[in-house]
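One structure below.
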Amino acid sequence: MDERIERARLLYERAVFDGDATALETADRELDAAEADLALARGRIVHGRSLDAEKEDPAELALFERAARLYQALGDVRGEGESLFWIGVFHQVVRQDDGTAVPVLERSRELAAQAGDKLTMSYALRHLGIAEHVAGRLGPARERLEESVRLRRELGFLPGVAANLIGLAYITAAEGRRDEALKVLDEAAELAGATGAHSVLGWVEEARKAL
């Protein structure tokens, strides 16, 4: 059992048997935090299933929005930033709507920076870079992906570095430097192979064929 649920039970008993009415407010916050964590976690699972089925599940957005509202009410900047990232990803990846996604991803990045959440920052920057690339703005796309790579190297998140290098390879090729792009893919393949990131290896091979 989540320890917050157990604490909520004990806080209920304190309110009922000891007459401590403030215990109920504390219990509400504990349960709101647990609910936010659960909504975020379940939303990610729904997102994964939607990608696999290539079909939108309306429950996904509702879960992420619920998590974001709860985190915001709790003053949990890190949680709100992460939830907003997933809302942005839903609009960008599932609905192919960068116009809606980008402002949400920007806010996610800002909140993650405030909270010192470098992993969420790296994800937000990655998807902002993708949006810039799709819009044909190669310079800003490179800037955001390179910053995401820097953060991921710092964190030791090597599969994520490899995934970003693939994006940088596409940008490099679009800039007319195909040989350099292939070298970037070589590094991506090396990192993906060393960390057992088999899906990323598949993306590398797709990129090689595309280039």
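The basis for the numbers below is simple: all heavy atoms, side chains too, and nothing from hydrogens, waters or symmetry mates.
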Subject >> Atom of L31, atom of R4 and distance for their closest heavy-atom approach >> reply: CD2-O, 4.5 Å
**OP:** Check the pair R29 / E25 against salt bridge (Lys or Arg N to Asp or Glu O under 4.0 Å), numbers first and verdict last.
**Re:** CA-CA 6 Å; R29 289 184 61 83; E25 295 178 9; over 6 Å; no
**OP:** Keeping the roles fixed (side chain from D18, backbone from D20), state whether a donor-acceptor pair exists under 3.5 Å.
**Re:** no
Original post:
Can we say R78 and E82 salt-bridge, meaning some charged N sits less than 4.0 Å from an Asp/Glu carboxylate O?
Top reply: yes
Original post:
Are R107 and E80 close enough, and set up right, to give a salt bridge (Lys or Arg N to Asp or Glu O under 4.0 Å), and what steps lead you there?
Top reply: CA-CA 10 Å; R107 182 58 178 159; E80 185 184 356; 5.3 Å; no
Original post:
If you look at every heavy atom in D76 and G79, which pair is closest and at what distance?
Top reply: OD1-N, 2.8 Å
Original post:
Transitively linked via ILVMFWY side-chain contacts under 4.5 Å: V134 with L211?
Top reply: no
**OP:** Supply the atom-to-atom distance R144 CZ to L125 CG, rounded to the nearest 0.5 angstrom.
**Re:** 7.5 Å
Original post:
Under a single-linkage definition using a 4.5 Å side-chain heavy-atom cutoff for Ile, Leu, Val, Met, Phe, Trp and Tyr, are V94 and L84 assigned to the same hydrophobic cluster?
Top reply: yes
Subject >> Electrostatic pair R109-E106, nearest N-O below 4.0 angstrom >> reply: yes
Original post:
Do S148 and N164 have side-chain atoms, one donor and one acceptor, less than 3.5 Å apart?
Top reply: yes
Original post:
Is R137 atom CZ crowded by more than 12 heavy atoms from other residues, nucleotides or ligands, each under 6.0 Å away?
Top reply: yes
Subject >> R49, CZ atom: more than 12 neighbouring heavy atoms under 6.0 Å >> reply: no
**OP:** Any chance you could measure Y123, atom OH, to S108, atom OG, to the nearest 0.5 Å?
**Re:** 12.0 Å
Original post:
R152 side chain to G160 main-chain N or O, any donor-acceptor pair under 3.5 Å?
Top reply: yes
Original post:
Between atom CZ of R126 and atom CG of L151, what is the distance when rounded to the nearest 0.5 Å?
Top reply: 13.5 Å
Original post:
Does any non-hydrogen side-chain atom of Q92 lie less than 4.5 Å from one of D97?
Top reply: no
**OP:** Quick one: do R208 and D186 satisfy salt bridge (Lys or Arg N to Asp or Glu O under 4.0 Å)? Show the steps, please.
**Re:** CA-CA 10 Å; R208 287 192 198 280; D186 287 342; 3.1 Å; yes
Original post:
Which heavy atom in L145 sits nearest to a heavy atom in G129, and how many Å separate them?
Top reply: CG-CA, 4.5 Å
Subject >> Closest non-hydrogen atom pair, A67 against S83 >> reply: CB-OG, 3.5 Å
Subject >> Partner of R142 by side chain to side chain donor-acceptor pair (under 3.5 Å), out of E132, E147, E175 >> reply: E175
Original post:
To the nearest 0.5 Å, how far apart are CG in L63 and CZ in R66?
Top reply: 10.5 Å
Original post:
Just wondering, are more than 12 heavy atoms of other shown residues or ligands nearer than 6.0 Å to CD in Q114?
Top reply: yes
**OP:** Evaluate the ring planes of W86 and H47, with Trp represented by its six-membered ring, and classify them as parallel (under 30°), tilted (30 to 60°) or perpendicular (over 60°).
**Re:** perpendicular
Original post:
If you look at every heavy atom in L138 and I171, which pair is closest and at what distance?
Top reply: O-CG2, 4.1 Å
Original post:
Which value, rounded to the nearest 0.5 Å, describes the distance between E180 atom CD and L182 atom CG?
Top reply: 10.5 Å
**OP:** Treat each ILVMFWY residue as a node, draw an edge where side-chain heavy atoms are under 4.5 Å apart, and state whether V46 and L40 are in one component.
**Re:** no
**OP:** For the residue pair H127 and F85, categorise the inter-ring angle as parallel (less than 30°), tilted (30 to 60°) or perpendicular (more than 60°).
**Re:** perpendicular
**OP:** Find the distance between CD (E35) and CD (E30) and round it off to the nearest 0.5 Å.
**Re:** 13.5 Å
Original post:
Does a sphere of radius 6.0 Å around CZ in R42 hold more than 12 heavy atoms from other residues, nucleotides or ligands, not counting ones at 6.0 Å or beyond?
Top reply: no
Original post:
Can you get from L38 to F90 by hopping between Ile, Leu, Val, Met, Phe, Trp and Tyr side chains that sit under 4.5 Å apart?
Top reply: no
Original post:
Within the distance-only criterion (no hydrogens, no angle test), does the side chain of T172 pair as donor or acceptor with the backbone N or O of L168 below 3.5 angstrom?
Top reply: yes
Original post:
Without hydrogens or angle criteria, can the side chains of D37 and Y71 be said to hold a donor-acceptor pair below 3.5 Å?
Top reply: yes
Subject >> salt bridge (Lys or Arg N to Asp or Glu O under 4.0 Å) between R150 and E146, worked out >> reply: CA-CA 6 Å; R150 185 190 68 77; E146 286 180 344; over 6 Å; no
